[in-house]
Undergrad: 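The following block contains the structure, expressed as structure tokens.
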Amino acid sequence: MKIATWNVNSIRARLPRVLAWLEARQPDVVCLQETKVVDELFPREEIEALGYAIECFGQKTYNGVAVLSRSEMTDVVRGFPNDPEDAQRRVLGVCVQGYQILNLYVVNGREVGCDAYERKLILLEDLRQMVCTRYADAERLILTGDFNVTFDDRDIYDPEAWRDRILCSVPERDALGRVMECGLADAFRHFHDEGEHYTWWDFRTRGWQRNRGLRIDHFLMSPAALDSCRSILIDRDERDGEKPSDHAPVIVDVDVASAAQ
DNA sequence: ATGGTCGCGGAGCGA
């Protein structure tokens with residue numbers, strides 16, 4: 001079963017590319033972030049025509065997450081348990097083929113120390129709580145999405161320039177580390193040791209053209225989920241060409257049968 | 001280069 005994550009930076013602006021990519025890559029489950037659309041206006045028909053069921057949790061202009069799946073989705077969870085207002089649509093949980101999947105769009109944080117940065121740390125603490133309560137007994141647990149956090153220097157094109165800056169600072173890395181303390185592992189690093197594998201390149205600095213990127217989109221897996229994982233790849237081709245998102249998709253292949261025992 | 005470009009919505013915000 002192929003599971004993908006992709007920050008599309010507006011599902012409506014990206015729809016032609018997403019449809020072509022679904023046909024080419026044939027993922028079974030797709031976690032989308034920054035859909036930037038209310039659920040009533042989500043472009044369902046074109047995606048459903050390719051055989052996908054859709055769960056979405058969106059808002060106007062900003063944020064928004066959705067999951068596309070060719071298999072049945074159960075245990076749908078929208079938002080954080082301790083955020084009843086759901087002002088920021090950033091988390092959507094589903095269960096597919098025995099995998100509990102949490103699709104996340106973590107607050108960017110803008111700049112270390114500002115209000116948005118504090119909100120980022122709070123969200124990560126909320127996430128930690130959610131994972132170790134609601135998902136404490138999930139054998140095959142996968143957290144994926146745009147975490148807006150790098151793990152170490154290998155994830156950064158110029159580590160010295162980014163030292164202690166947003167997406168790379170110690171407090172946000174520690175907060176993400178606490179989310180993972182229950183036994184979650186960075187699946188990409190399980191398969192690849194070397195640096196210079198990025199998932200996001202800034203539009204503003206023409207980062208793609210200069211390969212100035214960061215690795216901030218992740219698959220964090222429980223031991224049983226990781227045991228079943230055959231491979232992980234960053235689909236760099238999707239960052240190129242006409243009207244790309246600023247993020248590339250990341251795709252894992254998991255063996256459903258092997259994980260079930 | 002403390003710049004630059006996107007998307008949304010129709011100015012300015014968020015990334």
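We use all heavy atoms of the structure for the numbers below, so side chains are in, but hydrogens, waters and symmetry mates are not. Protein chains get the first letters and strands the later ones, always in sequence-line order, with residue 1 at the start of each.
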Undergrad: If you pin His247(A) and Arg204(A) to their nearest nucleotides in DNA chain B, which one's is more 5'?
TA: Arg204(A)
Undergrad: In whole Å, measure the gap between the P atoms of dG7(B) and dG3(B) for me.
TA: 23 Å
Undergrad: Met73(A) and Phe42(A): same hydrophobic cluster, using ILVMFWY side-chain contacts below 4.5 Å?
TA: no
Undergrad: Can you measure Phe147(A) atom CZ to dA15(B) atom P for me and round it to whole angstrom units?
TA: 17 Å
Undergrad: Closest approach to the side chain of Tyr62(A), judged atom by atom: which nucleotide of dC8(B), dA15(B), dC13(B) is it?
TA: dC13(B)
Undergrad: Report yes if a side-chain nitrogen or oxygen of Thr61(A) is closer than 4.0 Å to either non-bridging phosphate oxygen (OP1 or OP2) of dG9(B); otherwise report no.
TA: yes
Undergrad: If you look only at pairs with a residue in residues 126-137 of chain A, which of them pass as a salt bridge (charged side-chain N to carboxylate O under 4.0 Å, His left out), with sequence neighbours excluded?
TA: Glu125(A)-Arg128(A)
Undergrad: Expressed in whole Å, how much space separates the C1' atoms belonging to dG14(B) and dG9(B)?
TA: 14 Å
Undergrad: By the rule that ILVMFWY residues connect when side-chain heavy atoms come within less than 4.5 angstrom, directly or transitively, which residues belong alongside Phe203(A)?
TA: none
Undergrad: Does dT5(B) have OP1 or OP2 sitting under 4.0 Å from an N or O in the side chain of Arg206(A)?
TA: yes
Undergrad: Output the rounded distance in Å from CG (Leu167(A)) to P (dA15(B)).
TA: 11 Å
Undergrad: Specify the separation, in whole Å, of atom NZ of Lys60(A) and atom C1' of dA11(B).
TA: 13 Å
Undergrad: Can you list everything that forms a side chain to side chain contact (heavy atoms under 4.5 Å, CB included) with Arg165(A)? Sequence neighbours excluded, please.
TA: Trp162(A)
Undergrad: Would you mind checking if Asp246(A) and Arg204(A) are paired as a salt bridge, meaning a charged N to carboxylate O distance below 4.0 Å?
TA: no
Undergrad: With heavy atoms under 4.0 Å as the rule, sort Arg165(A) into base, sugar-phosphate or nothing.
TA: nothing
Undergrad: What does Ser10(A) touch in the nucleic acid at a heavy-atom separation under 4.0 angstrom: a base, only the sugar-phosphate, or nothing?
TA: sugar-phosphate
Undergrad: Here's a test of your reading of the structure: between Asn148(A) and Phe203(A), which maps to the more 5' nucleotide of DNA chain B?
TA: Phe203(A)
Undergrad: Between Arg163(A) (CZ) and dT2(B) (P), how many Å, whole number?
TA: 21 Å
Undergrad: Checking Asp235(A) now: which residues fulfil salt bridge (Lys or Arg N to Asp or Glu O under 4.0 Å) with it, not counting sequence neighbours?
TA: Arg25(A)
Undergrad: Does the side chain of Arg215(A) come under 3.5 Å of the side chain of Thr150(A) through a donor N or O and an acceptor N or O?
TA: no
Undergrad: Could you state the atom-to-atom distance from CD of Gln59(A) to P of dC13(B) in whole Å?
TA: 17 Å
Undergrad: Just to be sure I understand the rule, does Arg239(A) reach a base, reach only the sugar-phosphate, or reach nothing, if contact means heavy atoms closer than 4.0 Å?
TA: nothing
Undergrad: List for me each residue that meets side chain to side chain donor-acceptor pair (under 3.5 Å) alongside Asn103(A), sequence neighbours excluded, and say none if there are none.
TA: Gln33(A)
Undergrad: Does any residue of residues 105-125 of chain A have a heavy atom under 4.0 Å from DNA chain B, and if so, which ones, in number order?
TA: Tyr105(A), Asn108(A)
Undergrad: Determine the Euclidean distance between corresponding C1' atoms of dA15(B) and dG4(B); express it in Å to zero decimal places.
TA: 13 Å
Undergrad: What is the distance from CG of Asn9(A) to P of dT5(B), rounded to the nearest Å?
TA: 15 Å
Undergrad: Strictly below 4.0 Å: does Lys36(A) bring a side-chain N or O up to OP1 or OP2 of dG14(B)?
TA: no
Undergrad: Rounded to whole Å, how long is the line connecting atom CZ of Arg212(A) with atom C1' of dA15(B)?
TA: 18 Å
Undergrad: Roughly how many Å is it from CD in Gln88(A) to P in dG14(B), rounded to a whole number?
TA: 10 Å
